[in-house]
Protein chains: 2
Amino acid sequence: MVSLHNYVFNISPISESAWQDINALFLPKQLRKGDYFITEGKTATQIGFINSGIIRAFAKGRNGQEYNKHLFTAPSFIGGYASLITGNTNKINQEALTDCELLVADYHKLTALYDKHPDFERVARKLAELFFAAKEQREIELVMLSAEERYLLFRERMPGLEFEIPLYHIASYLGVSAVQLSRIRKNLAR
Amino acid sequence: MVSLHNYVFNISPISESAWQDINALFLPKQLRKGDYFITEGKTATQIGFINSGIIRAFAKGRNGQEYNKHLFTAPSFIGGYASLITGNTNKINQEALTDCELLVADYHKLTALYDKHPDFERVARKLAELFFAAKEQREIELVMLSAEERYLLFRERMPGLEFEIPLYHIASYLGVSAVQLSRIRKNLAR
DNA sequence: AGCTAATCTTTACATAGGTTAATTTTCTCC
DNA sequence: GGAGAAAATTAACCTATGTAAAGATTAGCT
């Protein structure tokens, strides 16, 4: 299991003193399957780190249909990043698909450490850059690849995950209906 | 016109000394319509700032079809951000759709200033965060909205732009074929 | 083990949107 | 201003994928 410490140091090493200050802000928290970490319409204040479990981030359309923007597994930060950054309300929800072990910190207490620890702000910069590059990649794949290709890529990148959560969540993550994913799987099996 | 100075200070103010060091790295550059700022397969080394003109960032599929990931207008940074960050080759191209006035700097000379000027690294962090939030928003819109809704949103956000560049570039930006955009426009006109 | 609810697949049908090609309209530049 | 190129529209056709509903399968209790 990748600890918060290793995860952070892997992005960009920081001083021992910075790590102490950061670590002190994170407290353990459990989520039960079905619990929400953030909810649309509310303003995010916390950032979480997944030690175990699976969380989906999803947006809701007006007809009530949902789109799974992302599936998070350990190790990974979660939270209403856009809301934390801009101060606007969340446009999305994050729901535990399994029981989860998290570490949770107040985001603004964390960002208050940037002045004291520029090496930590560097971590935040690199993280934001990596998030951006990942989003860019996903955007290209959503538009340029067929649903079947996206499914194959998904299986490659998150092996086993398709057996831990309902397929319709994966379909939504891939941007297709559960029916269509079922057809795709049938095709591949031949 | 929003200058580089104002653009940067608007994100997060920096010391006069930091601004001097940054500004010294940016040199004017003209692009003619049709010129490329970055090319896929090559590694990006430069970052640009658009003072005037329009640039499209696009990805190419295997069948040669293109997808306009983004349309840039002044004021805006351009460059192979993902490549600059990761050191991998560009997966995308950036092509001038009109003659352009840019300021261009070596990216690594710029990032070398982070140690000396933490206030500048803060600018970089906020910028990356804003980029990320924008991508997230675009991703949601691509998946949740119909092509017609995306077109209306585009007209609202970039008024007039549809009269400055070929419609098929806008269609590609919206993720539909030129034929389909034509149908959409016809529908709206009724 | 067996019951119930959840999930997955399949079928039938509808539609948005792709492709290709022909036609019309609009630019561009001599 | 006219010729040729570029862009936009239209028409014809096709396919991927959506929706709804019915069945089949699986999982989660008690």
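Naming: A, B, ... by sequence-line order, numbering from 1 per chain.
- To the nearest angstrom, P of D:dT25 lies 19 Å from CZ of A:Phe163.
- Along DNA chain C, the nucleotide closest to B:Leu181 and the one closest to B:Lys33 are compared, and the more 5′ of them pairs with B:Leu181.
- Of the candidates C:dG17, D:dA7, C:dT10, C:dT10 carries the atom nearest the A:Lys186 side chain, counting heavy atoms from C-beta on.
- The closest side-chain heavy-atom distance from B:Arg150 to B:Phe154 is not below 4.5 Å.
- Residue A:Ala147 is in sugar-phosphate contact alone, with no base atom involved, counting any heavy-atom pair closer than 4.0 Å across all strands shown.
- B:Leu97 places its CG atom 10 Å from the P atom of D:dA7, with the value rounded to the nearest Å.
- Here the closest heavy-atom approach between residue A:Met144 and residue B:Gly61 is recorded as CE-N, 2.9 Å.
- Rounded to an integer number of Å, the gap from B:Leu142 CG to C:dA16 P is 19 Å.
- No option in B:Ile165, B:Val176, B:Leu161, B:Asn68 other than B:Ile165 meets the side-chain contact (heavy atoms from CB on, under 4.5 Å) test with B:Ile170.
- Distance from the side chain of B:Val179 is smallest for D:dA11 among the nucleotides C:dG18, D:dA11, D:dT17.
- Aromatic rings from B:Phe49 and B:Phe26 are positioned such that their centres are separated by 6.0 Å or more.
- C:dG18 atom P lies 13 Å from atom OH of B:Tyr67, rounded to whole Å.
- Salt bridge status for A:Lys69 with A:Glu40: absent, with no side-chain N to carboxylate O gap under 4.0 Å.
- At least one side-chain nitrogen or oxygen of A:Ser177 sits closer than 4.0 Å to the OP1 or OP2 atom of D:dG18.
- Atom CD in A:Gln180 sits about 14 Å away from atom C1' in C:dT15, given to the nearest Å.
- Atom-to-atom, CD1 of B:Ile184 to C1' of C:dG17 comes out at 9 Å; the value is rounded to the nearest Å.
- When the P atom of D:dT15 is taken as reference, atom CD of A:Glu148 falls 16 Å away, rounded to whole Å.
- For A:His169 and C:dT7, the NE2 to C1' distance is 11 Å, given to the nearest whole Å.
- Taking the side chain of B:Arg183 as heavy atoms from C-beta on, and the options C:dT9, D:dT19, C:dG17, the nearest nucleotide is C:dG17.
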